[in-house]
Amino acid sequence: PAVVNPEHSDKYGGFEYFQHSRKTWEYWCKKNDVLFVPFTQPVKVDFKEFRPQWQKCLFVFDELERMRIDYDQIWLLDSSAIIKWDCPNVFELTDRKFTGVRDMDNMRWVYESVKGYKSFFDNFEFDTSKYINSGCIIFNETHRELFKSFQKLYYDKKDTFIDLQDNKVRKGNDQTPMNYWLQINDIDINLLPFIFNTTHIQRKEMFSYNWQLNEDKTPFFIKYSYVWRFNGILKEQRTELMKQTWDLVKYN
């Protein structure tokens, strides 16, 4: 997903960072015989009713069918992700299940978000130990109906979702509702380690390196993880940080 939302350009610090992410994915996809599909044109132009974060999951199957793309598995990632050149083929690690990475970087945020949507989902007893980040998920044809039912839920309750999202809960967009929907539908989830979706890099102090040895100044996130998510940082810093990262790794 790389949809430019002009109304939120200031909020997100611009969208120039798309280019730094895209170059890495084009390389990795070609290397691993994977089809790279950029989602750049929104299905719905009313971003108040359909934020790009929602559109990526609501219309993923519709868009693949519209483009007549045959697919085996689908890896849906946010555009804030840069992938390392030697990342393994993650499609071989899914066991053909719905696959994700736990979101544990800000547990207070997760708790408040889950609590905020609880009454909407009829007080469903949500298991926070299974909460995953929706910016990095892998699924296949067997999950098509799950996404279609999620789309119907959004259309049926759109005004309520927007009110919860913008006024009452104000914790994310599609992520917590999707997590509820996964658990309500008893979807078996395959979990990958955080190195395949390293979010909040600064919280993990992975922008730094082992200064005590002073032998290698390669930042920890580049050395030890495969997918680098530039989120949880000041939005106006994202483009510059991603550019600096690209300049460090592009020769690979």
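Quick caveat, the model's predicted, so the values are computed rather than measured.
A donor atom on one side chain and an acceptor atom on the other are found under 3.5 Å apart for D174 and S134. A donor-acceptor contact closer than 3.5 angstrom is absent between the side chains of D78 and Q53. A side-chain donor-acceptor contact under 3.5 Å links S149 and W181. Of the N and O atoms on the side chains of T94 and T99, not one donor lies less than 3.5 Å from an acceptor on the other residue. There is no side-chain donor-acceptor pair under 3.5 Å between S208 and W211.
Considering CD1 of I195 and CE of M206, their distance stands at 9.0 Å, rounded to 0.5 Å. Rounding to the nearest 0.5 angstrom, the gap separating the CG atom in N197 from the CG atom in L77 is 7.5 Å. We find the CE-CD distance between M107 and E112 to be 11.5 Å, quoted to the nearest 0.5 Å. K118 NZ to E125 CD: the interatomic distance, rounded to the nearest 0.5 Å, is 4.0 Å.
Between N173 and Y117, the closest heavy-atom pair is O-OH, 4.1 Å. What you find for N89 and W28 is that their closest heavy atoms are CA-CZ2, 3.8 Å. Shown here for G135 and N133, the closest heavy-atom pair between the two residues is N-OD1, 2.7 Å. Across all their heavy atoms, C57 and M178 have their closest contact at CB-CE, 3.6 Å. Between Y180 and V114, the shortest heavy-atom contact is OH-O, 2.7 Å. For the pair F220 and Y209, the tightest heavy-atom approach, listed with the atom from each and the gap, is CZ-C, 3.4 Å.
With hydrogens and angles disregarded, a donor-acceptor distance shorter than 3.5 Å links the side chain of S113 to the backbone of K171. A donor-acceptor pair under 3.5 Å is absent between the side-chain atoms of S21 and the main chain of F18, judged by distance alone. Listed for the D103 side chain is no donor-acceptor partner under 3.5 Å among the backbone atoms of K130. Judged purely by atom type and a 3.5 angstrom limit, R102 uses its side chain to pair as donor or acceptor with the backbone of S129. At distances below 3.5 Å, not a single donor-acceptor pair connects side-chain atoms of N32 with backbone N or O atoms of V34. Between the side chain of N185 and the main chain of I187, no donor-acceptor pair closer than 3.5 Å is present. Without hydrogens or angle criteria, N210 side chain to D216 main chain gives no donor-acceptor distance under 3.5 Å. Under the 3.5 Å distance criterion, the side-chain polar atoms of W228 are left unmatched by any main-chain donor or acceptor of I83.
Residue K158 qualifies as enclosed at atom NZ: its count of foreign heavy atoms under 6.0 Å is above 12. Around the NZ atom of K23, the shell of radius 6.0 Å holds more than 12 heavy atoms that belong to other residues, nucleotides or ligands. Residue K31 qualifies as enclosed at atom NZ: its count of foreign heavy atoms under 6.0 Å is above 12. Surrounding CZ of R96 are more than 12 heavy atoms belonging to other residues, nucleotides or ligands, all under 6.0 Å away. By the neighbour-count criterion of 12 heavy atoms within 6.0 Å, atom OH of Y224 is sparsely surrounded, having that number or fewer from other residues, nucleotides or ligands. No more than 12 heavy atoms of other residues, nucleotides or ligands shown are found within 6.0 angstrom of CG on D33.
In summary, D156 and K152 engage in a salt bridge, as defined by a charged side-chain N under 4.0 Å from a carboxylate O. Under 4.0 Å is where a charged nitrogen must lie from a carboxylate oxygen, and between K97 and D188 at least one such pair does. Taking the charged nitrogens against the carboxylate oxygens, K204 and D105 do have a contact shorter than 4.0 Å, which makes a salt bridge. Between K56 and E63 there is no salt bridge, since no side-chain nitrogen of the basic residue lies less than 4.0 Å from a carboxylate oxygen of the acidic one. Between E26 and K30 there is no salt bridge, since no side-chain N of the basic residue sits under 4.0 Å from a carboxylate O of the acidic one. Salt bridge absent: K44 and E49 never bring a charged side-chain N and a carboxylate O closer than 4.0 Å.
Residue M104 is not grouped with residue L182 when hydrophobic side chains (ILVMFWY) are merged at heavy-atom distances under 4.5 angstrom, including chains of intermediate members.
Taking 4.5 Å as the limit, every side-chain heavy atom of Q151 sits out of range of all side-chain heavy atoms of F147. Residues F124 and Q183 are in side-chain contact: their nearest non-hydrogen atoms beyond the backbone lie under 4.5 Å apart. A 4.5 Å side-chain heavy-atom check between P1 and F39 finds at least one atom pair inside the cut-off. Side-chain contact check for V169 versus L164: some heavy-atom pair is nearer than 4.5 Å. By the 4.5 Å heavy-atom criterion applied to side chains, K48 and I162 are counted as neighbours. With contacts defined as side-chain heavy-atom distances shorter than 4.5 Å, the pair K84/S225 does not qualify. Looking only at side-chain heavy atoms (C-beta outward), P52 and F47 come within less than 4.5 Å of each other. Put simply, the side chain of I189 reaches to within 4.5 Å of the side chain of L191, judged on heavy atoms.
Taking the six-membered ring for Trp, F120 and F161 have ring centres closer than 6.0 Å. Checked against the 6.0 Å centroid criterion, the rings of F50 and Y155 qualify as a close aromatic pair. Residues F36 and W25 place their aromatic rings such that the two centres sit no closer than 6.0 Å. Residues W54 and Y154 bring their aromatic ring centres within 6.0 Å.
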- Intermediate values then yes/no, side-chain contact (heavy atoms from CB on, under 4.5 Å), I82 and T24: CA-CA 6 Å; I82 287 180; T24 67; 3.7 Å; yes

- Mind running side-chain contact (heavy atoms from CB on, under 4.5 Å) on I132 and V101 for me, showing each step along the way? CA-CA 5 Å; I132 63 172; V101 178; over 6 Å; no

- Message: Run D62 and R144 through salt bridge (Lys or Arg N to Asp or Glu O under 4.0 Å) and show every step you take.
- Response: CA-CA 10 Å; D62 293 342; R144 184 179 185 278; 5.2 Å; no

- Query: Checking side-chain contact (heavy atoms from CB on, under 4.5 Å) for the pair F221/R229: CA distance, chi angles, key distance, verdict?
  - Reply: CA-CA 10 Å; F221 77 97; R229 288 284 303 287; over 6 Å; no

- Evaluate the side-chain contact (heavy atoms from CB on, under 4.5 Å) criterion for residues F126 and Y131: first the C-alpha distance (whole Å), next the side-chain angles of each, then the deciding distance (0.1 Å), finally the verdict. CA-CA 9 Å; F126 187 88; Y131 190 94; 3.7 Å; yes

Extract all donor-acceptor atom pairs below 3.5 Å that involve side chains of residues 242-252 and protein atoms in other chains or at least two apart in sequence.
| from | atom 1 | to | atom 2 | distance (Å) |
| --- | --- | --- | --- | --- |
| K243 | NZ | D247 | OD2 | 3.1 |
| Q244 | NE2 | E240 | OE2 | 3.1 |
| T245 | OG1 | L241 | O | 2.9 |
| D247 | OD1 | K250 | NZ | 3.4 |
| N252 | ND2 | V249 | O | 3.1 |

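None of F150, F61, W75 except one satisfies the ring-ring contact (aromatic ring centres under 6.0 Å, His included) rule with F139; the exception is F61.
Between H143 and F98, the ring planes are perpendicular. Angles over 60° get that label, and only those under 30° would be called parallel.
Partners of N167 according to the side-chain hydrogen bond (donor to acceptor under 3.5 Å, both in side chains) rule, which considers only residues two or more places apart in sequence or in another chain, are D163.
The cationic atom of R238 (NZ for Lys, CZ for Arg) lies less than 6.0 Å from the six-membered ring centre of Y17 and within 45° of the ring axis.
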